[in-house]
Amino acid sequence: MVRDDHAGRALAALAALLADETRAAMCLALLDGRAWTAGELARHAGVAPSTASEHLGRLVTGGLLAEERQGRHRYVRLADARTAQLVEDLAAHAGPPPAAPRTLAQAGAGSAMARARTCYDHLAGRLGILVTDALTRRGLLDQSTGFALTDGGMEWFAGLGVDLAAARTGRRPLARPCLDWTERRPHLAGVAGAALCGHALASGWCVRIGSGRALKLTARGRTALHTHLGIAPDALEAPTA
């Protein structure tokens with residue numbers, strides 16, 4: 001058997017990038033799909049700005065982050081949807097934090113993240129699972145062989161005013177499963193997942209909580225999900241089956 005030394009070195013280098021706790025925390029924060037400044041990430045990770053810059057330099061050089069500069073400000077974001085999928089999948093395999101929250105604020109933040117959050121550019125947490133299950137029950141999403149939108153699913157998105165054909169660029173799949181690290185089940189990702197999340201935020205169904213990934217489902221959102229998917233208005237308050 002011929003050993004592929006190059007592939008082995010590349011995999012080891014990639015793993016080393018995420019093996020550091022500070023760099024891992026930065027990548028998890030960037031799963032909100034937005035660009036952050038180096039200063040914001042330094043505060044989030046609890047490190048000095050100079051330390052953050054060093055870590056961000058390694059992540060950019062390693063291809064996990066993309067860098068943008070506007071004047072004196074330096075912004076970074078996850079390189080692409082595949083990178084976001086890698087980070088989320090690794091977080092799912094690692095499982096939830098074993099330690100109990102030490103403060104009331106930490107408990108509240110953890111609960112909010114578990115209820116509803118963004119996973120890069122699609123819905124995750126209990127909300128993401130509720131939406132995925134509802135789409136499946138109504139025959140709009142087929143999970144028999146992976147994730148695939150049915151013809152009815154395409155029409156459903158069109159009824160929302162979402163043109164999936166126009167949103168689909170490159171080789172990103174129309175629909176794919178993404179393992180949810182709190183629910184331990186797959187939620188909808190891909191072009192359709194991103195389009196639905198974007199529509200939910202633009203239509204006021206959800207609002208962001210602070211600067212993190214957590215979302216709050218609004219009264220308008222509860223009504224819309226009940227109207228369009230038959231999800232009970234109080235479903236988010238109870239654990240999914």
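Note that the structure is a prediction, hence the values are computed from the model and not measured. The analysis underlying the following values was restricted to heavy atoms, covering all of them including side chains, and did not include hydrogens, waters or symmetry mates. Just so you know, residue 1 is the first one in the sequence shown, and it goes up from there.
Summarising the geometry, atom OG1 belonging to Thr132 is positioned 8.0 Å from atom CG belonging to Leu123; distances are rounded to the nearest 0.5 Å. A distance of 10.5 Å separates CG in Leu28 from CD in Glu21, rounded to the nearest 0.5 Å. Taken from CE in Met154 to CG in Leu164, the straight-line distance is 5.0 Å, to the nearest 0.5 Å. We find the SG-CZ distance between Cys206 and Arg222 to be 9.5 Å, quoted to the nearest 0.5 Å. With values rounded to the nearest 0.5 angstrom, Leu30 atom CG is found 9.0 Å from Arg77 atom CZ. In this structure, CG on Leu149 lies 9.5 Å from CG on Asp142, to the nearest 0.5 angstrom.
By the 4.5 Å heavy-atom criterion applied to side chains, Thr150 and Leu141 are not counted as neighbours. Annotation: side chain of Thr223 is not in contact with side chain of Pro233 (no heavy-atom distance under 4.5 Å). The shortest distance between side-chain heavy atoms of Tyr120 and Glu88 does not fall below 4.5 Å. Side-chain contact between Met26 and His44 is absent, with no heavy-atom pair separated by less than 4.5 Å. By the 4.5 Å heavy-atom criterion applied to side chains, Cys197 and Asp121 are not counted as neighbours. Residues Arg208 and Thr118 meet the side-chain proximity criterion, which asks for heavy atoms closer than 4.5 Å. Between Cys119 and Arg213 the shortest side-chain heavy-atom distance falls below 4.5 Å. Side-chain contact between Pro49 and Arg43 is absent, with no heavy-atom pair separated by less than 4.5 Å.
Not a single donor-acceptor pair under 3.5 Å links the side chain of Arg185 to the backbone N or O of Leu179. Checking side-chain atoms of Glu54 against main-chain N and O of Thr51 turns up no donor-acceptor pair under 3.5 Å. At distances below 3.5 Å, at least one donor-acceptor pair connects side-chain atoms of Arg138 with backbone N or O atoms of Leu229. At least one donor-acceptor pair closer than 3.5 Å links the side chain of Thr218 to the backbone N or O of Trp205. Panel note: side chain Trp156, backbone His228; a donor-acceptor pair is recorded below 3.5 Å. Proximity of a side-chain donor or acceptor of Asp180 to a complementary backbone N or O of Pro186 within less than 3.5 Å is not detected.
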May I have the step-by-step check of side-chain contact (heavy atoms from CB on, under 4.5 Å) for Leu56 and Leu65, ending in yes or no? CA-CA 8 Å; Leu56 291 174; Leu65 301 187; 3.7 Å; yes
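Under 3.5 Å, the side chains of Arg126 and Thr182 contain no donor-acceptor pair of N or O atoms. Checking Thr83 against Asp80 by side-chain atom types alone, a donor-acceptor pair falls below 3.5 Å.
Using a cut-off of 4.0 Å between Lys/Arg side-chain N and Asp/Glu carboxylate O, Arg117 and Asp32 are scored as not salt-bridged.
Glu183 and Ala114 get closest at one heavy-atom pair: OE2-O, 4.3 Å. Residue Ala214 comes nearest to Met113 through the heavy atom pair N-SD, 3.8 Å, listed as atom of the first residue, atom of the second, then distance. Nearest heavy-atom pair, Ala52 versus Ala38, reported as atom, atom and distance to 0.1 Å: CB-O, 4.1 Å. Between Leu188 and Ala175, the shortest heavy-atom distance links the atoms CD1-CB, 3.8 Å. In plain terms, the two heavy atoms of Tyr75 and Ala35 that are nearest each other are CB-CB, 4.0 Å.
His226 NE2: 12 or fewer foreign heavy atoms inside a 6.0 Å radius.
In terms of hydrophobic clustering, with Ile, Leu, Val, Met, Phe, Trp and Tyr side chains grouped at heavy-atom distances under 4.5 Å, Leu140 and Leu160 are assigned to a common cluster. Each of Ile231 and Val207 belongs to its own hydrophobic cluster when Ile, Leu, Val, Met, Phe, Trp and Tyr are linked at side-chain heavy-atom distances under 4.5 angstrom. Leu11 and Val87 are not part of a single hydrophobic cluster, where members link through side-chain heavy atoms under 4.5 Å apart.
Classification of the His187-His122 ring pair by plane angle, with boundaries at 30° and 60°, yields tilted.
When the options Asp20, Leu64, Leu41 are evaluated for a side-chain contact (heavy atoms from CB on, under 4.5 Å) with Leu59, the one that passes is Leu64.
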